[in-house]
*Asks:* 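Below is the structure I would like to discuss, written out as structure tokens.
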Amino acid sequence: SNGVGVIGGKLYLSGGLTEHGDGAEADNTLVVYDPVLDAFTLKANMPRHTYDGVTGVVGGKLYVVVGFCSDCTHATDRRLYRYDPTTNTWNTSLSWAPHPHALGAGGVIRGKFYVAGGVGDANGNPSNTLDVYDPATNTWKTLAPLPFPVIAAAGAVIQNQLYLIGGGHRGRSVLAYDPVTNTWKQKNALPTGRINLAAASFVTPSGNPKILAVGGRGSQAYTANELYTP
């Protein structure tokens, strides 16, 4: 899909690929999962059929930077959509990202949406760009580039830093971005190198921050479940 956002304790999943007998098609559905009821609910469809985008949550609203799009002018797109769960509507008038970020990764830090890496052009070349969106002003800014291009990595925010985990040809790399200094640092490598993995940050009951990196693929699908301590 385009990633997952958490609003009010529920998981919001938008777009993605729907498999059929003869292949897969881009989707425009928005599905909400309620862990208390263990139930899924369909909400208002996205404006376009998209997948492999990047999702963030700011102020109780879902922000989705489009990745690949089947009904846009270009297959790799830069559109930004916002979903409001209180009105069940999508806003399509937001400023587009400066660069494409299909198969990118991102996260929200202090109310701003950071989006990094992914497919950088129509030829499928990986990107090292980092863009940040400020919902308060509806503007984008391009920040310090990644040390090297990264594609199909997982993104997570912890201790007000954006972590990019795995992805691309450097499948074990872990990068951390500090918005205060506008710099990237390489961290301890991922034990199992992989792409298309998922990651989530959390704080233990004792107050220790962690990042969980789950699944993904390389030459095969992985069941790896690895815990990172900053």
Side-chain angles (χ1 to χ4, degrees), residues 1-20 23-35 38-58 60-72 74-85 88-92 94 96-97 100-108 113-119 124 127 133 150-157 162-168 194-201 211-217 221-223 225:
S1 70
N2 289 311
V4 179
V6 180
I7 303 174
K10 297 178 181 179
L11 304 182
Y12 288 72
L13 302 84
S14 68
L17 288 171
T18 301
E19 292 191 5
H20 301 282
E25 294 180 355
D27 203 353
N28 70 336
T29 56
L30 173 64
V31 181
V32 180
Y33 175 72
D34 186 333
D38 187 25
F40 287 92
T41 304
L42 282 170
K43 297 294 184 178
N45 286 344
M46 296 187 70
R48 303 276 181 167
H49 293 71
T50 69
Y51 61 101
D52 286 339
V54 184
T55 291
V57 173
V58 182
K61 295 180 175 63
L62 190 75
Y63 289 80
V64 181
V65 174
V66 171
F68 297 111
C69 179
S70 65
D71 49 1
C72 300
H74 301 286
T76 304
D77 207 72
R78 300 183 291 111
R79 301 168 196 257
L80 173 66
Y81 295 138
R82 180 179 66 211
Y83 174 77
D84 187 341
N88 189 34
T89 57
W90 288 91
N91 185 318
T92 62
L94 303 181
W96 292 18
H101 289 286
L103 286 168
V108 174
F113 186 21
Y114 293 77
V115 187
V119 174
S127 168
Y133 176 74
V150 173
I151 188 171
V157 171
L162 173 65
Y163 280 76
L164 300 188
I165 303 167
R194 45 211 159 105
I195 64 173
N196 295 127
L197 65 162
S201 59
I211 297 176
L212 196 63
V214 181
R217 66 182 179 86
Y222 288 114
T223 57
N225 181 18

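Not measured: the values here are computed from a predicted model. Below, all heavy atoms of this structure are taken into account, side chains as well, without hydrogens, waters or symmetry copies.
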*Asks:* Ignoring hydrogens and geometry, is there a side-chain-to-backbone donor-acceptor pair from Ser201 to Val157 under 3.5 Å?
*Replies:* yes
*Asks:* Show your reasoning for whether side-chain contact (heavy atoms from CB on, under 4.5 Å) applies to Arg78 and Val65.
*Replies:* CA-CA 7 Å; Arg78 300 183 291 111; Val65 174; over 6 Å; no
*Asks:* Taking all non-hydrogen atoms of both residues into account, name the closest pair between Ile211 and Ala199 and its distance.
*Replies:* CG2-CB, 4.2 Å
*Asks:* For residues Thr41 and Asp34, determine if any side-chain heavy atom of one lies less than 4.5 Å from a side-chain heavy atom of the other.
*Replies:* no
*Asks:* Partners of Thr92 by side-chain hydrogen bond (donor to acceptor under 3.5 Å, both in side chains), sequence neighbours excluded?
*Replies:* none
*Asks:* Main chain of Tyr81, side chain of Trp90: is a donor-acceptor contact present, judged purely on distance under 3.5 Å?
*Replies:* no
*Asks:* Among His49, His20, Glu19, find the residue that satisfies the side chain to side chain contact (heavy atoms under 4.5 Å, CB included) test when tested with Glu25.
*Replies:* His20
*Asks:* Side-chain contact, heavy-atom cut-off 4.5 Å: Tyr133 with Leu94?
*Replies:* yes
*Asks:* Main chain of Gly117, side chain of His101: is a donor-acceptor contact present, judged purely on distance under 3.5 Å?
*Replies:* yes
*Asks:* When you compare the side chain of Asn2 with that of Val66, does any pair of heavy atoms fall below 4.5 Å?
*Replies:* no
*Asks:* Using every non-hydrogen atom in the two residues, find where Val108 and Val57 come nearest and quote the distance to one decimal.
*Replies:* CG2-O, 3.4 Å
*Asks:* To the nearest 0.5 Å, what is the distance between CG on Leu164 and CD1 on Ile151?
*Replies:* 12.5 Å
*Asks:* Report yes if the side chains of Thr50 and Asn28 come closer than 4.5 Å at any heavy-atom pair, otherwise no.
*Replies:* no
*Asks:* Can you list everything that forms a ring pair (Phe, Tyr, Trp, His ring centres under 6.0 Å) with Phe68? Sequence neighbours excluded, please.
*Replies:* Tyr51
*Asks:* For Arg79, check side-chain hydrogen bond (donor to acceptor under 3.5 Å, both in side chains) against everything at least two apart and list the hits.
*Replies:* Asp77
*Asks:* Quick check: does any side chain N or O of Asp52 sit under 3.5 Å from a backbone N or O of Gly67, one acting as donor and the other as acceptor?
*Replies:* no
*Asks:* Can you check whether Ala44's main-chain N or O pairs, donor with acceptor, with Asn88's side chain at less than 3.5 Å?
*Replies:* yes
*Asks:* So, for Leu162 and Tyr114, which heavy atoms are closest and what is the spacing to 0.1 Å?
*Replies:* CD2-CB, 4.0 Å
*Asks:* Closest approach of Gly15 and Ser1, non-hydrogen atoms and distance?
*Replies:* O-CB, 3.7 Å
*Asks:* Over all heavy atoms of both residues, which pair between Asn45 and Thr29 is shortest? Give the atoms and the distance, please.
*Replies:* OD1-CA, 3.7 Å
*Asks:* Please check: side-chain N/O of Arg194 versus main-chain N/O of Gly166, any donor-acceptor pairing under 3.5 Å?
*Replies:* no
*Asks:* Testing Thr89, Asn91, Val64, Val58 for side chain to side chain contact (heavy atoms under 4.5 Å, CB included) with Arg82, which one passes?
*Replies:* Asn91
*Asks:* So how far is it from Leu13 CG to Thr55 OG1, rounded to the nearest 0.5 Å?
*Replies:* 8.5 Å
*Asks:* If you compare all heavy atoms of Ile165 against all heavy atoms of Leu197, which two are closest, and at what distance to 0.1 Å?
*Replies:* O-CD2, 3.5 Å
*Asks:* Let me confirm one number: the CZ-CG distance from Phe40 to Leu11, rounded to the nearest 0.5 Å.
*Replies:* 7.5 Å
